[in-house]
Amino acid sequence: MPELPEVEAVCRVVRRPLRGRRIVSAHVSRRRVCAPQTPEEFARAVTGRRFRAVERRGKNILIHLDGVTIWVHLRMTGNLYTIADARLRPVSVSAHLVLDNGRSLVFDDPRGLGVMRAIPAERLARALGPMGVDPLAPEFTPERFVALARSSRAAIKLFLMDQRRIAGLGNIYAAEALYCARIDPRSIGARLSSARLRRLHAAIVAVLSNAIKSASLAYQRPGGFAEAEEFDPAVYGREGLQCRRCRGRIRRIQQGGRSTYFCPRCQSGPHHVRRADRIRPG
DNA sequence: CTGCCCCTGTAA
DNA sequence: TTACAGGGGCAG
C-alpha cells in the first residue's frame with residue numbers, strides 16, 4: 001500500500017526501536033526477498049552490525065548499518081515494524097532480524113513482492129539506479145518541476161509516477177495532486193502552462209505533507225496502516241461518485257496499465273494529443 | 001509506449 | 001469465477 005507518505009511513516013516509527021541496536025541474527029523466509037543474494041549471504045552481510053540511520057529516498061528505505069546498507073522496498077503490501085518476540089511473527093513475514101535486546105525487526109509482506117537486500121556502501125548508488133528528485137526535498141523547487149514537466153511528452157500522470165523523474169509519487173497521490181491542481185491526468189506536460197505546472201507543484205507538496213501527517217498518526221501499531229487509514233481521497237477509488245468540488249461524476253480510465261481517477265468536469269487540460277494535432281509522418 | 005510478470009488477498 | 005489492488009522490471 002505504501003507510497004511516499006506511508007514509507008515516511010514507516011521510517012519514523014522504526015527509527016526509535018532500532019537506535020543503537022545490533023543485529024544478532026537474520027532470517028529469510030522467502031528467498032525472493034533478497035534475490036539475487038542467497039539468504040545465507042544476506043544473513044552473513046548484516047549479522048553483528050549496528051544500526052546507524054534510517055533514511056527514505058522516494059519509496060525506498062535505506063537502513064544504514066556500519067559499512068552496509070539494507071535496502072528495503074515495500075512494493076505493494078510490504079510493512080516494517082518491530083515485535084517483542086520473533087516467534088509471534090505472522091506467516092506473511094518475508095524476513096526478520098533479531099536485535100540484541102531480544103526484539104525483532106520484521107519485514108511483513110503478504111504479497112511477497114517487496115525487496116530487502118544488503119548492499120555494501122560503495123555499491124549503493126548503483127544498486128538503487130537512476131532516481132528522480134524527492135518531492136519533499138529542498139531541491140524540489142517550482143522551477144525545477146516546471147522544467148522537468150516541460151520536457152516530458154508523456155501524459156502528466158505517467159510523468160508524475162516515473163520514479164526516474166520524481167521519486168515517491170504513486171497512483172493515489174499522483175491522482176490526488178492532479179485533482180487538487182484541477183489538471184486533466186491525460187494532459188501532456190510539455191503543453192501545460194508554467195502557471196498550471198506551478199499550481200501542480202504546490203498541490204504535490206500539499207497533498208504529500210498532509211498525507212504524511214495522517215499516515216504517521218494512523219501507523220502506530222503493528223499490523224499495518226490500512227485499517228487505521230484516515231486519509232480519504234477526493235478522487236482515488238471513487239469512480240461514479242460525485243465530485244466534492246463541482247458535483248461532476250468521478251471517472252476511471254486506464255493509464256500505463258493502472259487505474260486513473262479524475263473528475264472530467266473540473267479537471268481540464270490542454271488535453272491529451274488529439275489526432276488532428278499530430279503531424280503526419282512522411 | 002503497451003502488455004505481461006511477479007504473488008496473495010479481497011470483493012463483486 | 002473474475003477483476004482488481006497504493007509496486008516495479010522486463011520484453012516486444
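Protein chains get the first letters and strands the later ones, always in sequence-line order, with residue 1 at the start of each. What you see is a predicted model, and the numbers here were worked out from it, not measured in a lab.
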Residues pairing under side-chain hydrogen bond (donor to acceptor under 3.5 Å, both in side chains) where one sits in residues 13-27 of chain A, two or more places apart or in two chains, turn out to be R21(A)-D100(A), S25(A)-H27(A)
Can you tell me how far C1' of dG8(C) sits from CZ of R57(A), to the nearest Å?
18 Å
At 4.0 Å (heavy atoms only), tell me whether G170(A) reaches a base, stays on the sugar-phosphate, or touches nothing.
sugar-phosphate
Stems in DNA chain C, runs of 3 or more consecutive Watson-Crick or G-U wobble pairs with both distances under 3.5 Å, sorted by first number, are B:1-6 with C:7-12, B:8-12 with C:1-5
Do we see a donor-acceptor contact under 3.5 Å between the side chains of D184(A) and S268(A)?
no
Name all pairs fulfilling the side-chain hydrogen bond (donor to acceptor under 3.5 Å, both in side chains) condition that reach into residues 60-76 of chain A, sequence neighbours left out, sorted by first residue then second.
R52(A)-D66(A), E55(A)-H64(A), N60(A)-W71(A), H64(A)-T69(A)
Scan residues 232-262 of chain A for pairs that pass ring pair (Phe, Tyr, Trp, His ring centres under 6.0 Å), counting only residues two or more places apart or in two chains.
Y236(A)-Y261(A)
Rounded to whole angstroms, how far apart are CG on L158(A) and C1' on dG8(C)?
14 Å
Report all side-chain donor-acceptor pairs from residues 120-139 of chain A shorter than 3.5 Å, counting only partners two or more places apart or in another chain.
{"from": "D134(A)", "atom 1": "OD1", "to": "R56(A)", "atom 2": "NH2", "distance (Å)": "3.4"}
{"from": "D134(A)", "atom 1": "OD1", "to": "L136(A)", "atom 2": "N", "distance (Å)": "2.9"}
{"from": "D134(A)", "atom 1": "OD2", "to": "R56(A)", "atom 2": "NH1", "distance (Å)": "2.7"}
{"from": "D134(A)", "atom 1": "OD2", "to": "G58(A)", "atom 2": "N", "distance (Å)": "3.0"}

Hey, does the side chain of K59(A) come within less than 4.0 Å of dG6(C)'s phosphate (OP1/OP2), counting only N and O?
no
Walk me through whether E40(A) and R44(A) qualify under salt bridge (charged side-chain N to carboxylate O under 4.0 Å, His left out).
CA-CA 6 Å; E40(A) 295 72 26; R44(A) 205 175 309 131; over 6 Å; no
Reading nucleotides 4-12 of chain B 5' to 3', which nucleotides get B (base under 4.0 Å from a protein heavy atom), which S (sugar-phosphate only), which -?
--BBB----
Polar pair under 3.5 Å, donor/acceptor by atom type, side chain Q163(A), base dG8(C)
no
When you check the phosphate oxygens OP1 and OP2 of dA5(C), does a side-chain N or O of Y261(A) lie under 4.0 Å from one of them?
yes
Can a salt bridge be assigned to the pair E143(A) and R198(A) using a cut-off of 4.0 Å between side-chain N and carboxylate O?
yes
